[in-house]
Amino acid sequence: MNKRERFINFLNNKPVDRVPIAFYHHYLNDMMLYNMNQGLTNKKLYEKNIEGHKLSRQKFDPDVVKIMNDSLMIMPLDVSGIKKPEDLIKIKPQAADSKWADLSINLAKKVKEIYADTDAPVFFTSFGPSYIMRSNFARIGNLMAGTRFFESKILKFMQENPEAVKELAINLSKGVVEFNQRLFDEAKIDGIYFSVNNQNNFFASQVYRDVITPGDRMILEHANSLSSMNLFHICGYRGKANDLNTFKDYEAAAYNWAVHAEGVSLSEGKRFFDGKPVFGGFEQAGVIAKGDRQQIEKEVFKILDDSGQIGVMLGADCTVPTNFDDSRLNWVREACEKYAEKASFN
C-alpha cells in the first residue's frame, strides 16, 4: 500500500496496512508572531523556510506533506488607524495577485518540488478569519509585552458592534477563498489544512458561532468543492484549549484537536465527530520530542490500543518544537508497523 492509497483508506474509514503519521514543525524560530510575514521583505528567511523542508526530507520521508509557510504565514492587513468598529470596513484582504499571494504560491511550488518523487498527498495551511484579524492587531503592539492589549481591541469591537466584525470576517474569508483557488489551480495541492482556534474562549462560544463561523464555513465549503481531502485543525496547545462544540458541525475529511489540552482522546473525538476520521494523539512537546525509541513505541501502542487503526492517523496536538529531529519520526512509523503486525496475529 503506497502513501496515497493508505491516506485515502484512512479518510474512508477503511483498513490500512499500518496507521499513517503526520507530524509538522516550523522552520523559523519561536518568535512566530514576528517572523510570520517577514518573507515579504527578508529573502533570507523566505529561503530558510524552504530549505528547512529539504533538510527535513533528508531525515524522514513523510506520509503526508504539509507546506509550512512560516515566513508568509498570516495574510497581512493594514490595521493602522482603526479606532472604532465602524473603521473595520476600511480593512481589505490581500488581493489574489498581491506580492504576498505571489510569494506564497511560489513557496508552495518550490516545496512541492522537494517532494516531487513522493506519492504523499500535499497540503497547505489555510487560516480562518478570526486568527487573521487577531494576529494582525496583535502585531501592532509591542511583540514582547503589549500583544494582548492590542489583540483585545477586537474583543472591544465585538462587544460594541459584532456586525462590523462579522462583515470584516466575511470579507477576509472571501480573500482567503480567492487565494486558495490559486493554490489549487497553480500549486496543485491536494487540499488545505484549515486551522482555526478560539482558545480559552477568547470569544464566547455563541459569539464565535454567530460572527466568525459563517466566514470559516465559506472557506471550508469552497475547499470542499475542489477537494475531498481537506483537513481540519482546531489549534490548541500547552494548556490552551478550545470548546470542540464550537466546531462540531464543520465539514472536513478528517479532524485534529489538542488531545492533551482539551482532554479528549482520539477515540472520544472520533465519536464526537460522528465517526469521521481523526488524527493526532501526541502531546506536541512531550514524549514525541523528549522520549527515547522505546518510550515512543509505548506511546504509539497506548494510543492505538484505545483508538484502533481504522480512520486514525497519528500526529500531535499542534506543531512539534522548531528544533525537532525529524529522524525520530521513523521510530513512530516503525512502531505503527510493529503494532499492525502484532494486531494481525491476534
Side-chain angles (χ1 to χ4, degrees), residues 1-12 14-28 39 43 45-73 102-126 180-194 223 226-231 233 253-254 256 277 279 288 296 300 312-316 319-320 322-338 340-341:
M1 185 173 284
N2 65 32
K3 295 182 180 69
R4 187 168 291 267
E5 290 169 343
R6 186 179 299 112
F7 185 76
I8 290 173
N9 275 23
F10 152 66
L11 292 184
N12 287 287
K14 292 182 178 180
V16 290
D17 58 341
R18 55 107 177 143
V19 167
I21 67 174
F23 293 85
Y24 312 104
H25 62 85
H26 296 290
Y27 296 110
L28 303 183
K43 186 176 181 181
L45 278 181
Y46 179 82
E47 294 295 341
K48 182 180 179 181
N49 181 53
I50 296 171
E51 181 66 17
H53 293 81
K54 187 181 297 183
L55 296 175
S56 289
R57 178 76 196 282
Q58 292 171 3
K59 293 187 174 184
F60 180 72
D61 185 26
D63 292 341
V64 180
V65 175
K66 182 160 85 76
I67 297 170
M68 302 301 292
N69 52 332
D70 296 353
S71 62
L72 298 165
M73 189 171 164
D102 287 345
L103 283 172
S104 297
I105 297 296
N106 187 57
L107 183 149
K109 290 179 177 179
K110 285 189 172 183
V111 173
K112 275 201 70 178
E113 289 175 4
I114 296 170
Y115 299 95
D117 62 341
T118 182
D119 56 7
V122 179
F123 294 84
F124 193 96
T125 307
S126 183
N180 286 350
Q181 185 70 53
R182 281 194 67 187
L183 278 172
F184 280 99
D185 290 346
E186 299 177 36
K188 306 298 183 185
I189 60 171
D190 289 289
I192 62 168
Y193 189 94
F194 188 50
L226 300 175
S227 169
S228 60
M229 289 188 178
N230 299 299
L231 304 178
H233 170 56
N256 167 256
F279 61 105
I288 188 63
I296 286 176
V300 168
V312 169
M313 181 167 68
L314 293 188
T319 49
V320 296
T322 307
N323 61 354
F324 186 80
D325 180 359
D326 292 82
S327 64
R328 298 170 65 83
L329 297 180
N330 290 301
W331 299 347
V332 183
R333 176 183 284 159
E334 289 162 10
C336 289
E337 292 170 348
K338 188 173 180 179
E341 184 178 0

Is there a side-chain contact between K109 and I105, using heavy atoms and a 4.5 Å cut-off?
yes
Correct closest heavy-atom pair for P62 and R57 would be CD-CD, 4.0 Å
Rounded to the nearest 0.5 Å, the CD1 atom of I21 sits from the CD1 atom of I288 at a distance of 7.5 Å
State whether a side-chain donor-acceptor pair under 3.5 Å links E334 with N330.
no
Applying ring pair (Phe, Tyr, Trp, His ring centres under 6.0 Å), can you list everything that pairs with F279, at least two apart in sequence or on another chain?
none
Scanning both residues in full, the closest heavy-atom pair of S228 with A253 reads O-CB, 3.4 Å
Set out, in order, the CA-CA distance, both residues' side-chain angles and the distance that settles side-chain contact (heavy atoms from CB on, under 4.5 Å) for L107 and S71, then state yes or no.
CA-CA 10 Å; L107 183 149; S71 62; 4.2 Å; yes
Please examine the side chains of Q181 and L226, heavy atoms only from C-beta on, and report whether any two atoms are closer than 4.5 Å.
yes
Non-hydrogen side-chain atoms of F124 and V111 separated by less than 4.5 Å:
no
Rounded to the nearest 0.5 Å, the CG atom of D61 sits from the OG atom of S56 at a distance of 12.0 Å
How many angstroms lie between atom CG of L231 and atom CE of M313, to the nearest 0.5 angstrom?
5.5 Å
Considering non-hydrogen atoms only, spot the tightest contact between C336 and L314 and give its length.
SG-CD1, 3.7 Å
Donor-acceptor check, side chain of N49 to backbone of M68, threshold 3.5 angstrom: yes or no?
yes
Smallest heavy-atom separation, P277 atom then L11 atom, equals CG-O, 3.2 Å
Could you go through D119 and E5, starting from their C-alpha distance and side-chain angles, then the distance that decides it, and tell me whether this counts as side-chain contact (heavy atoms from CB on, under 4.5 Å)?
CA-CA 9 Å; D119 56 7; E5 290 169 343; over 6 Å; no
With rounding to the nearest 0.5 Å, note down the distance linking OH in Y24 to CG in D326.
12.0 Å
Could you tell me whether a side-chain N or O of D190 sits under 3.5 Å from a main-chain N or O of P121, the two making a donor and an acceptor?
no
Atom of H233, atom of Y193 and distance for their closest heavy-atom approach:
CB-CE2, 3.3 Å
Less than 4.5 Å apart, side chain to side chain, heavy atoms only: is that true for I192 and F184?
yes
Student check: side-chain heavy atoms of F10 and V64 closer than 4.5 Å
no
Are the side chains of R182 and D102 in touch, meaning some heavy atoms are under 4.5 Å apart?
yes
Any side-chain heavy-atom pair of I114 and I50 under 4.5 Å
yes
If you measure from CG on L183 to OG on S126, what distance do you get to the nearest 0.5 Å?
7.5 Å
Answer yes or no: is there a donor N or O on one side and an acceptor on the other, between the side chain of K112 and the main chain of K188, under 3.5 Å?
yes
Considering residues at least two apart in sequence or located in another chain, which fulfil the ring pair (Phe, Tyr, Trp, His ring centres under 6.0 Å) criterion with Y27?
H25, H53
How close do A120 and V65 get, counting heavy atoms only, and between which atoms?
CB-CG2, 4.1 Å
Applying side-chain contact (heavy atoms from CB on, under 4.5 Å) to K66 and T125, what does each step give before you reach the verdict?
CA-CA 7 Å; K66 182 160 85 76; T125 307; 3.1 Å; yes
At what distance, to the nearest 0.5 angstrom, does CG of N180 lie from CD1 of I189?
6.5 Å
Does any part of the side chain of D63, heavy atoms only, come nearer than 4.5 Å to the side chain of R333, both counted from C-beta?
yes
Regarding S104 and N69, is there a side-chain donor-to-acceptor distance under 3.5 Å anywhere?
no
Donor-acceptor pair, R6 side chain versus M1 backbone, under 3.5 Å?
yes
Charged N to carboxylate O under 4.0 angstrom, E51 versus K48?
no
Derivation and outcome, side-chain contact (heavy atoms from CB on, under 4.5 Å), residues F324 and L329
CA-CA 10 Å; F324 186 80; L329 297 180; 3.8 Å; yes
